[in-house]
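Down below is the structure, laid out as structure tokens.
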Amino acid sequence: MVSSAIELSAKRRQLAPATAKVDFSLIFRKYGAPRKEALPYDYILPAEPELVRVARAVINGNPLEAEDAVKIALGKFDPLTVISEGLTKGMNVVSRMWDDGVYFLPEVVNSADAMQAGVKICEEKMGRAAERKGRIIAHVAEGDIHDIGKNIVVALLRANGFEVIDLGRDVPVRTVVETAKRERPIAIMGTALMTTTMTAFPRLAGELKREGLEILLACGGGAVNQEFVETFEGSAFGDKAADAVKIAELALQGLSWREIRGRVHK
Ligand code: B12
């Protein structure tokens with residue numbers, strides 16, 4: 001099973017080298033059946049060639065290719081643009097291919113690795129601001145291992161001068177609460193990509209309240225939306241990684257979670 005998955009990935013890479021246009025019709029489908037027609041994914045890709053190259057490296061699931069492409073793109077674009085218009089656009093194509101049954105877990109793992117490699121280069125380029133504005137805890141919800149978005153959020157917060165305690169992924173609610181008690185952050189950032197794990201956020205908000213900790217819980221990630229976040233107190237929703245910085249700045253000014261919602265919710 002595993003070896004055939006590796007073979008499939010190798011074959012795909014051979015069929016779709018870094019610089020070539022990805023011919024989706026050649027990518028093997030479930031049970032080895034080739035697709036008859038190319039799927040129209042190219043419309044998701046960005047217009048600029050440097051960013052297309054970044055996106056294709058993610059689609060190809062090749063970390064080395066992603067690092068090279070990102071370094072080139074950074075010569076022309078700022079790190080945030082490379083993340084949002086290059087790496088993320090590539091991951092959007094991967095998501096569609098997963099939804100359509102073209103890519104399976106091994107391919108998505110490779111693509112995630114490629115994206116992480118690219119994000120790391122962007123993070124290095126963004127650096128860390130010299131000033132220390134305030135302390136933030138970041139984590140991925142209990143039971144959830146999707147950490148790419150959280151890593152982008154952490155990189156942006158650090159680049160904007162916040163001190164971030166990164167608890168990583170699949171973090172038990174209790175660990176977040178204990179860390180908050182000890183570290184007294186100005187806000188907690190939570191990421192959830194699954195409908196089964198986003199429920200950790202209302203539990204976390206409830207436990208923070210029970211412990212008498214008035215700390216904003218900012219929630220984001222693919223599974224989460226504003227409507228859901230508004231069902232529990234003490235929280236605010238952010239759609240994009242840049243919203244995490246906006247929310248952190250407002251928390252730093254001492255605004256309450258209600259006031260922050262008023263500023264960032266649509
Ligand atoms: C990559 C990926 C994986 C990788 C994850 C690698 C990694 N290190 O993260 C791997 C292959 C390991 C994986 C595994 C699984 N996955 Co997966 N995966 C994806 C995929 C394709 C992309 C996710 C991603 O990284 N997006 C890009 C990032 C940048 O987006 P993001 O996290 O949302 O972050 C952005 C914003 O939301 C925001 N943001 C993020 N956090 C925060 C926080 C705050 C405070 C703010 C303000 C903003 C913010 O900033 C980011 C940039 O703007 C999605 C498909 C999709 N459509 O999302 C499925 C998806 C999330 N996976 C899914 C599933 C089911 C799984 C598995 C259970 C599969 C399996 N059968 O094993 C496992 C999960 C195991 C587990 N316990 O978690 C489902 C979830 C479905 C659901 N309704 O719950 C999805 C939606 C695919 C699908 N359509 O079925 N997956």
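No experiment lies behind these values; they were computed from the predicted model shown. Numbering starts at 1 and runs along the sequence shown. We use all heavy atoms of the structure for the numbers below, so side chains are in, but hydrogens, waters and symmetry mates are not. Counting convention: from 1, in listed order, for ligands and their atoms alike.
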Quiz item: Taking distance alone, with no angle check, do Thr196 and ligand 1 share an N/O pair under 3.5 Å?
Solution: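 No.
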Quiz item: Taking distance alone, with no angle check, do Gly222 and ligand 1 share an N/O pair under 3.5 Å?
Solution: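 Yes, at least one N or O pair falls under 3.5 Å.
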Decide whether [X] and [Y] meet the rule of one side-chain donor and one side-chain acceptor closer than 3.5 Å.
| X | Y | answer |
| --- | --- | --- |
| Arg261 | Ser235 | yes |
| Ser95 | Asn92 | no |
| Glu249 | Asn160 | no |

Exercise. Find, among atoms of His146 that are N, O or S, the one nearest to atom 17 (Co) of ligand 1, and state its name.
Key: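 This turns out to be NE2.
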Quiz item: What residue and heavy atom of the protein are closest to atom 24 (C) of ligand 1, and at what distance?
Solution: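 The answer is Met91 CG, 4.1 Å.
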May I ask whether [X] has any heavy atom positioned less than 4.0 angstrom from an atom of ligand 1?
| X | result |
| --- | --- |
| Leu105 | yes |
| Gly221 | yes |
| Asp239 | yes |

Quiz prompt | Atoms in ligand 1 flagged as close to Val109, the criterion being non-hydrogen separation under 4.0 Å | solution =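 Near Val109, meaning under 4.0 Å from one of its heavy atoms, ligand 1 has 11 (C).
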Self-check item: Nearest-option assignment for atom 45 (C) of ligand 1, heavy atoms, candidates Ala187, Ala218, Ala112
Solution: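 Looking at heavy atoms only, Ala218 sits closest to atom 45 (C) of ligand 1.
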Quiz prompt | The one among Gly190, Ala241, Ala192, Ala244 that brings a heavy atom closest to atom 53 (O) of ligand 1 | solution =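 The residue whose heavy atom sits nearest atom 53 (O) of ligand 1 is Ala241.
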